[in-house]
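Please read the structure below before turning to the comments.
Reckoned from all heavy atoms, side chains included, excluding hydrogens, waters and symmetry mates. Sequential numbering from 1 along the given sequence is applied to the chain's residues. Given the structure is predicted, the values throughout are model-derived calculations rather than measurements. Whatever order the structure lists ligands and atoms in, that order sets their numbers, starting from 1.
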Amino acid sequence: MSIAINTNKCVGCGRCVEVCPGNLIKMDGGGHARQMHPRDCWGCTACLKACPAGAVDFFLGADIGGRGATLSYREDGPIVTWTVNKPDGTTRAITLNKQDANRY
Ligand code: SF4
Ligand code: SF4
């Protein structure tokens, strides 16, 4: 599993560095985040959720049936949106309200 950091969107806040449980992300000399060991990423998505700039995407590789699609995360108050961006240019969005979590 692996992520992709868009350095054009990265604002250098360092939150992804702080939250990665494997210390797999470092800041480079230009003030942008870089994933250092992609093969060690286990896909917890903490860095996606922490990024305020939407600069981190997650690869959905063939090993998990993603066929090269990417997954992005956006948050607007309690509303979170997970979007699957497929290689053919189509997307599929899943929107959730965090306030509805754990309701039984
Ligand atoms: S998905 Fe999790 S393990 Fe992988 S780089 Fe992001 S925070 Fe680290
Ligand atoms: S959390 Fe996002 S904006 Fe902040 S350093 Fe990481 S990639 Fe850049």
Side-chain angles (χ1 to χ4, degrees):
M1 296 184 184
S2 163
I3 58 163
I5 298 172
N6 184 335
T7 53
N8 291 324
K9 291 184 179 178
C10 175
V11 296
C13 69
R15 290 188 197 168
C16 56
V17 177
E18 294 170 12
V19 300
C20 178
N23 294 320
L24 304 177
I25 307 173
K26 307 289 182 197
M27 300 304 291
D28 67 16
H32 297 117
R34 301 269 181 196
Q35 188 186 28
M36 304 307 290
H37 306 287
R39 290 184 181 177
D40 291 340
C41 170
W42 60 88
C44 71
T45 70
C47 53
L48 276 77
K49 295 175 188 171
C51 179
V56 186
D57 288 336
F58 182 69
F59 281 120
L60 299 171
D63 53 333
I64 55 173
R67 301 185 178 186
T70 60
L71 183 67
S72 59
Y73 177 87
R74 302 290 179 270
E75 195 170 310
D76 183 10
I79 305 299
V80 299
T81 303
W82 293 94
T83 303
V84 177
N85 307 287
K86 299 179 184 176
D88 64 5
T90 61
T91 62
R92 180 174 177 207
I94 301 166
T95 302
L96 305 165
N97 187 330
K98 290 194 288 187
Q99 294 175 336
D100 291 338
N102 299 321
R103 265 192 198 167
Y104 295 99

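The side-chain contact (heavy atoms from CB on, under 4.5 Å) search around Cys51 returns Ala53, Ala55, Val56, not counting sequence neighbours. Partners of Glu75 according to the salt bridge (charged side-chain N to carboxylate O under 4.0 Å, His left out) rule, which considers only residues two or more places apart in sequence or in another chain, are Lys98.
Applying the side-chain hydrogen bond (donor to acceptor under 3.5 Å, both in side chains) test to residues at least two apart or on different chains, the pairs with a partner in residues 19-45 are Asp28-Arg34.
Cluster membership check: Ile5 shares its hydrophobic cluster with Tyr73, using side-chain heavy-atom separations under 4.5 Å among Ile, Leu, Val, Met, Phe, Trp and Tyr. Note on Leu96 and Leu71: same hydrophobic cluster, where clusters join Ile, Leu, Val, Met, Phe, Trp and Tyr whose side-chain heavy atoms are under 4.5 Å apart, directly or indirectly. No path of Ile, Leu, Val, Met, Phe, Trp and Tyr side chains, each step under 4.5 Å between heavy atoms, connects Leu24 with Val19, placing them in separate hydrophobic clusters.
For atom 2 (Fe) of ligand 2, the closest heavy atom belonging to the protein is Cys51 SG, 2.4 Å. With respect to atom 8 (Fe) of ligand 2, the closest heavy atom belonging to the protein is Cys10 SG, 2.3 Å. Residue, atom and distance of the protein heavy atom nearest to atom 4 (Fe) of ligand 2 are Cys13 SG, 2.3 Å.
Side-chain atoms of Leu48 and Ile3, non-hydrogen and from C-beta on, do get closer than 4.5 Å to each other.
Between Phe58 and Ser2 the shortest heavy-atom distance is CD1-O, 3.5 Å. Thr83 and Thr81 make their closest contact through OG1-CG2, 3.6 Å (heavy atoms, listed as atom of the first residue, atom of the second, distance).
Less than 4.0 angstrom separates some heavy atom of Ala33 from each of these atoms of ligand 2: 5 (S), 6 (Fe), 7 (S). Distances below 4.0 Å separate heavy atoms of Gly14 from the following atoms of ligand 2: 4 (Fe), 5 (S). The ligand atoms of ligand 2 that sit less than 4.0 angstrom from a heavy atom of Val11 are 3 (S), 8 (Fe).
Around atom 6 (Fe) of ligand 1, the protein atoms of type N, O or S found under 2.8 Å away are Cys47 SG, listed by chain and number.
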